[in-house]
Peer 1: 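If you scroll down you'll find the structure; I have some questions about it.
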Amino acid sequence: MTANNDHAYMAHAIKLAKNGLYTTDPNPHVGCVLVKNNQMIAEGWTQRAGFAHAEVDALGKTLDADGATAYVTLEPCSHTGRTGPCCDALINAGIKRVVIAMQDPNPLVAGRGIARIKAAGIEVTLGVLQQEASELNRGFFKRMGQNLPWIRSKLAMSLDGRTAMASGESKWITSPQARQDVQRWRAESSAILTGVDTVIADDPQLNARVDFDLEQPIKVVVDSCLRLPLTAKILENSTGNWIFTCCENPQKQQQLLEKGCKVFQTTAVNGRVDLKQVFTILAEQQINTVWVEAGATLNGALLDSGLVDEWLIYMAPCVLGDQGRGLFCLPDLQKIDDKKQFKLQDVRAVGPDLRLRLSSQKI
């Protein structure tokens with residue numbers, strides 16, 4: 001098999017992996033292609049947690065994989081969780097060669113799958129389209145390596161950098177196309193996080209409203225003083241609501257528990273929830289990616305913390321005036337040398353708006 005063929009089949013496996021973008025959490029998104037006699041004989045991708053992984057999904061679609069080559073976007077697992085080891089499934093099927101985009105950083109795997117496949121006398125090629133494969137699972141990889149999820153914050157602003165009028169009125173700055181784009185990003189996330197001020201002001205549903213199959217993200221509210229109204233829309237669904245607080249108020253906590261919420265107690269930093277601790281707990285709860293939709297106060301704290309991996313800013317071609325509300329509350333910025341620097345990753349038109357994709361950058 002030539003290098004060009006390896007790249008072509010792996011590119012197809014990466015495309016297959018994207019079929020699980022909205023359903024596989026907390027597992028990574030993985031694709032697999034089986035090739036025999038220069039013909040693709042089966043393909044698969046990782047299903048919902050507890051169901052078939054990509055390799056098993058593909059093997060189940062062919063009666064004769066003996067002597068075939070398997071192209072997999074992530075090292076086959078070597079441990080038994082909700083499903084059996086994928087490396088054993090490949091060995092038992094008589095696969096003669098396994099091409100892998102990248103090694104799995106999960107400590108339960110981390111090279112063990114590759115070692116077991118090699119020990120069975122199967123040829124292994126590692127690193128084909130590794131960069132492309134790594135982008136599929138940034139949240140899973142970061143959680144495994146740093147015990148933190150991939151954190152992405154969304155903001156919407158006018159040309160003059162305002163998120164709302166002085167009165168707080170903000171519906172709608174951006175176009176329907178931009179708002180639908182947001183729903184897709186929400187759907188791709190493991191959790192949607194906001195601050196209690198946003199819940200009080202906007203009473204959002206914090207769900208992904210899309211027309212395809214998905215696992216709805218967990219709804220996370222940072223509520224230092226437990227001010228979350230018990231009539232909030234997010235509490236209408238009795239599952240998937242997680243509250244983070246540093247307030248010891250047993251009565252309010254019990255009321256939230258009775259509403260079906262999980263309440264996490266964190267330490268206080270200047271009277272507010274410790275944000276690093278929030279995201280560490282989320283990672284421990286197997287949350288791979290967090291989508292933040294919050295106001296200037298929480299986004300300012302997040303920008304100061306350096307925790308956010310990526311900022312998505314939708315810029316609408318309108319002006320709200322100098323009395324409008326800004327993107328970030330950063331009262332400690334007094335000099336130009338203190339400015340917060342971003343690195344521009346991507347700019348795209350979404351309807352009449354622009355979507356800026358940025359990462360934080362130290363000067």
Side-chain angles (χ1 to χ4, degrees), residues 9-33 43-58 61 71-77 81-83 86 100-102 104-106 129-145 148-154 177-193 206-220 240 282-283 285-293 308-312 314 345-346 348 350 355 357 359:
Y9 288 126
M10 187 61 75
H12 186 62
I14 289 171
K15 183 178 179 180
L16 290 168
K18 294 178 181 179
N19 288 326
L21 277 178
Y22 310 104
T23 56
T24 66
D25 274 4
N27 292 334
H29 319 303
V30 182
C32 177
V33 173
E43 59 184 36
W45 60 89
T46 297
Q47 308 296 310
R48 279 180 163 84
F51 291 87
H53 289 188
E55 301 92 324
V56 174
D57 186 40
K61 296 172 182 175
Y71 292 84
V72 192
T73 59
L74 187 66
E75 176 184 2
C77 64
R82 297 183 185 180
T83 60
C86 292
I100 303 167
M102 61 184 303
D104 191 337
N106 185 343
L129 297 187
Q130 179 171 329
Q131 181 59 41
E132 291 84 347
S134 69
E135 292 175 2
L136 280 170
N137 294 294
R138 286 182 292 188
F140 177 79
F141 297 152
K142 187 182 176 190
R143 176 165 70 85
M144 289 297 161
L148 287 170
W150 182 269
I151 304 164
R152 181 182 286 122
S153 185
K154 183 275 296 185
Q177 296 95 318
R179 298 198 297 276
Q180 189 56 46
D181 191 57
V182 166
Q183 296 300 326
R184 183 185 62 81
W185 284 99
R186 282 185 174 187
E188 194 176 318
S189 305
S190 311
I192 301 173
L193 181 146
L206 290 189
N207 60 352
R209 297 182 288 280
V210 292
D211 59 0
F212 49 78
D213 188 30
L214 81 160
E215 290 288 326
Q216 280 289 344
I218 297 295
K219 292 171 282 188
V220 179
L282 289 176
Q285 296 293 314
Q286 296 189 303
I287 297 296
N288 291 330
T289 55
V290 177
W291 173 263
V292 179
E293 291 194 24
V308 176
D309 297 288
E310 195 169 64
W311 302 86
L312 258 62
Y314 293 83
Q345 304 285 355
D346 181 57
R348 296 197 181 187
V350 181
R355 187 187 71 201
R357 195 169 179 179
S359 57

Peer 1: Please confirm whether the backbone N or O of R209 pairs with a side-chain atom of Q183, one donor and one acceptor, at under 3.5 Å?
Peer 2: yes
Peer 1: Between W150 and G139, which heavy-atom pair has the shortest distance, and what is it?
Peer 2: CB-CA, 3.6 Å
Peer 1: Is the closest basic N to carboxylate O distance between D346 and R348 below 4.0 Å?
Peer 2: yes
Peer 1: Side-chain contact, heavy-atom cut-off 4.5 Å: T73 with W45?
Peer 2: no
Peer 1: Is there a donor-acceptor pair closer than 3.5 Å between any side-chain N or O of K61 and the backbone N or O of E43?
Peer 2: yes
Peer 1: Looking only at side chains, do E293 and W291 share a donor and an acceptor under 3.5 Å apart?
Peer 2: yes
Peer 1: Write down the atom of M144, the atom of N106, and the distance for their closest heavy-atom approach.
Peer 2: SD-CA, 3.7 Å
Peer 1: State, yes or no, whether a side-chain contact exists between R355 and D181 at a heavy-atom distance under 4.5 Å.
Peer 2: yes
Peer 1: For the residue pair P149 and R143, establish whether any side-chain heavy-atom pair is separated by less than 4.5 Å.
Peer 2: no
Peer 1: Please give me the minimum heavy-atom distance between F141 and P105, naming the atom from each residue.
Peer 2: CD2-CG, 3.4 Å
Peer 1: Spell out, as yes or no, whether a donor-acceptor pair under 3.5 Å connects the side chain of Q131 to the backbone of L129.
Peer 2: no
Peer 1: Evaluate the side-chain proximity of C86 to V56: yes if any heavy-atom separation is below 4.5 Å, no if none is.
Peer 2: yes
Peer 1: Mind checking whether L136 and K18 have side chains closer than 4.5 Å, heavy atoms only?
Peer 2: yes
Peer 1: For the atom pair CD (Q130) and CE (M10), what is the distance rounded to the nearest 0.5 Å?
Peer 2: 10.5 Å
Peer 1: What heavy-atom pair brings A178 and Y314 nearest, and what distance separates the two atoms?
Peer 2: CB-CD2, 3.8 Å
Peer 1: Determine yes or no for a side-chain-to-main-chain donor-acceptor pair under 3.5 angstrom, with N137 supplying the side chain and S134 the backbone.
Peer 2: no
Peer 1: Is it true that D309 and K142 have a side-chain N and a carboxylate O under 4.0 angstrom from each other?
Peer 2: yes
Peer 1: Could you list the residues that satisfy ring pair (Phe, Tyr, Trp, His ring centres under 6.0 Å) with Y22, not counting sequence neighbours?
Peer 2: F212
Peer 1: Only counting residues at least two apart or in another chain, list the ones meeting salt bridge (charged side-chain N to carboxylate O under 4.0 Å, His left out) with D211.
Peer 2: none
Peer 1: Please report the interatomic distance CG(L74) to CG(N27), rounded to the nearest 0.5 Å.
Peer 2: 10.5 Å
Peer 1: Report yes if the side chains of C32 and V72 come closer than 4.5 Å at any heavy-atom pair, otherwise no.
Peer 2: yes
Peer 1: May I ask you to decide if A54's main-chain N or O and T46's side chain share a donor-acceptor pair within less than 3.5 Å?
Peer 2: yes
Peer 1: Got D104 and P76 here, is their nearest side-chain heavy-atom distance under 4.5 Å?
Peer 2: no
Peer 1: Can you name the salt bridge (charged side-chain N to carboxylate O under 4.0 Å, His left out) partners of E132, sequence neighbours left out?
Peer 2: none
Peer 1: Quiz question: by atom type and distance under 3.5 Å, do the side chains of H29 and T24 form a donor-acceptor pair?
Peer 2: yes
Peer 1: Could you walk me through whether R152 and W185 pass the side-chain contact (heavy atoms from CB on, under 4.5 Å) check?
Peer 2: CA-CA 10 Å; R152 181 182 286 122; W185 284 99; 3.4 Å; yes
Peer 1: At their closest point, which heavy atom of P217 faces which heavy atom of R186, and how far apart are they?
Peer 2: CG-O, 3.2 Å
Peer 1: Between R48 and D213, is the closest basic N to carboxylate O distance under 4.0 Å?
Peer 2: yes
Peer 1: Given V292 and K154, is the side-chain contact (heavy atoms from CB on, under 4.5 Å) satisfied, shown in steps?
Peer 2: CA-CA 6 Å; V292 179; K154 183 275 296 185; over 6 Å; no
Peer 1: Could you tell me whether R357 and E310 make a salt bridge, using a distance below 4.0 angstrom between a side-chain N and a carboxylate O?
Peer 2: yes
Peer 1: Quiz question: by atom type and distance under 3.5 Å, do the side chains of D25 and S190 form a donor-acceptor pair?
Peer 2: yes
Peer 1: Do E215 and T23 have side-chain atoms, one donor and one acceptor, less than 3.5 Å apart?
Peer 2: no
Peer 1: Side-chain contact test, heavy atoms from C-beta onward, threshold under 4.5 Å: evaluate it for I192 versus V220 and give yes or no.
Peer 2: no
